[in-house]
Amino acid sequence: MKETIDALRREIAAALSDAKNGEDLKNFFAKYLGKAGSITALMKELGKYPKEERPAVGKLVNEFRDAVMTDFKAKEEEVARAELAAKYASEQTDITMPAKRRTRGGLHPTTLVREELCNAFTGMGFTVYEGREIEDDYHNFTALNTPKDHPARDKQDTFYIGEDIVLRTHTSPGQIHCLETMKPPFKVVMPGRVFRCDDDATHTPMFHQMEGLVIDKNLSLCDLQGLLDTLAKSMFTPDTRTRFRPSYFPFTEPSVEVDVSCCECGGTGCRLCKGTGWIEILGGGVVNRRVIANCGLDPDEWSGLAFGAGLERIAMLKYGVNNIHILYDGDQDILRQFRK
Ligand code: DAH
């Protein structure tokens, strides 16, 4: 028996030191210590020995079994510790690593300009009116003193979507809706999308305008000048100057084109302002008496001031963008720079 045990002891020592994980240990236990294991088999052999030898041999087997059991338990603990250490190592987080950046959304330059303008105007008592993008010919043209054969219609390449139904070419039809529905005196701004069949470095088929309309008694061009000057200073810088140039629009009389001193050079002349020191930002004027009469008001009693500005144009000037398509390509690396 002693030799059998010694041989088994060597085999077991090797098997135990080879065991690497819980699975190996389970197999080890079944092979040596379990019901059908080799050590249990030794116990069963006791019967073969003469009666007087049995206690001594039994003791030998028992001691061997206990020793193997102790080694097994120790190994079991060792494996469990190693497995836990491996699990911890694999789950370790380096809290000193820089965190992943969350990308934050931001407002589009055109939206920023629209909000700034709306803020400036509501601060001066204006309300904001959102018109409709699909207009009839009457509101988009005729009521604005631009009848069918009028040459000014050619300047605005129109998308017709039905007989006398158009995608509005400007926000000016909003003037007619306001005159038709609001009780004078009133002051409104109307920001929104407009559509023209036009596409180059400074034009896109869809762009944004903001219309302004003031209806009150005894308004003159001087009032418009004061209003737009205040606006230009709040839009650009406090030292921005404005000037009016005579112009023509069917819906205003007199009509003006409004320039601001160049935001790039301050008025000394540069490439942006083509050496003139001035940049055109909007059109406006005193509302044509015919427009007021078209909407059922008495032009001898009520007068009006109107203006219309392109929001992309202002955004491009303000943020130094030289191609309008940059505003529409959706390139995040570019748009991110304008975020407040
Ligand atoms: N609607 C004109 C355009 O799109 C801009 C404009 C000019 C609007 C003069 C006005 C105005 O209200 O008075 O070109």
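Numbering of ligands and ligand atoms starts at 1, following listing order.
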Quick test: of every protein heavy atom, which one is nearest to [atom], and how far off is it to 0.1 Å?
atom                    : result
atom 4 (O) of ligand 1  : R196 NH2, 2.7 Å
atom 2 (C) of ligand 1  : F251 CZ, 3.9 Å
atom 13 (O) of ligand 1 : T252 CG2, 3.1 Å

Inset, instruction - Take D6 and R10, measure what salt bridge (charged side-chain N to carboxylate O under 4.0 Å, His left out) needs, and give me the verdict at the end. - result: CA-CA 6 Å; D6 282 343; R10 279 193 295 278; 5.7 Å; no
Against heavy atoms of [X], which atoms of ligand 1 measure under 4.0 Å?
X    : value
E211 : 8 (C), 10 (C), 12 (O)
S172 : 1 (N), 8 (C)
F249 : 7 (C), 9 (C)
Q175 : 12 (O)
Q209 : 3 (C), 4 (O)
G285 : 13 (O)

Between [Y] and [X], is the closest basic N to carboxylate O distance under 4.0 Å?
X    : Y    : answer
R243 : D259 : yes
K148 : D164 : yes
K233 : D229 : yes
K318 : E116 : yes
K217 : E301 : yes

Legend entry - Cation over ring face, R245 and W278, 6.0 Å, 45°: no
Inset, instruction - Answer yes or no: does an N/O atom from T169 fall short of 3.5 Å to an N/O atom of ligand 1? - result: no
Inset, instruction - Please say whether G283 places an N or O atom under 3.5 Å from an N or O atom belonging to ligand 1. - result: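 No, since none of the N or O atoms of G283 sits under 3.5 Å from an N or O of ligand 1.
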Legend entry - ligand 1 contact by R168, heavy-atom criterion under 4.0 angstrom: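 No, R168 has no heavy atom closer than 4.0 Å to ligand 1.
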Inset, instruction - Kindly indicate whether the side chain of L107, heavy atoms from C-beta on, has any atom under 4.5 Å from the side chain of E115. - result: yes
Inset, instruction - For the residue pair H150 and N145, confirm or rule out a side-chain donor-acceptor distance under 3.5 Å. - result: no
Legend entry - Part of A306 within contact of ligand 1 (heavy atoms, under 4.0 Å):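 Contact part for A306 vs ligand 1: both backbone and side chain.
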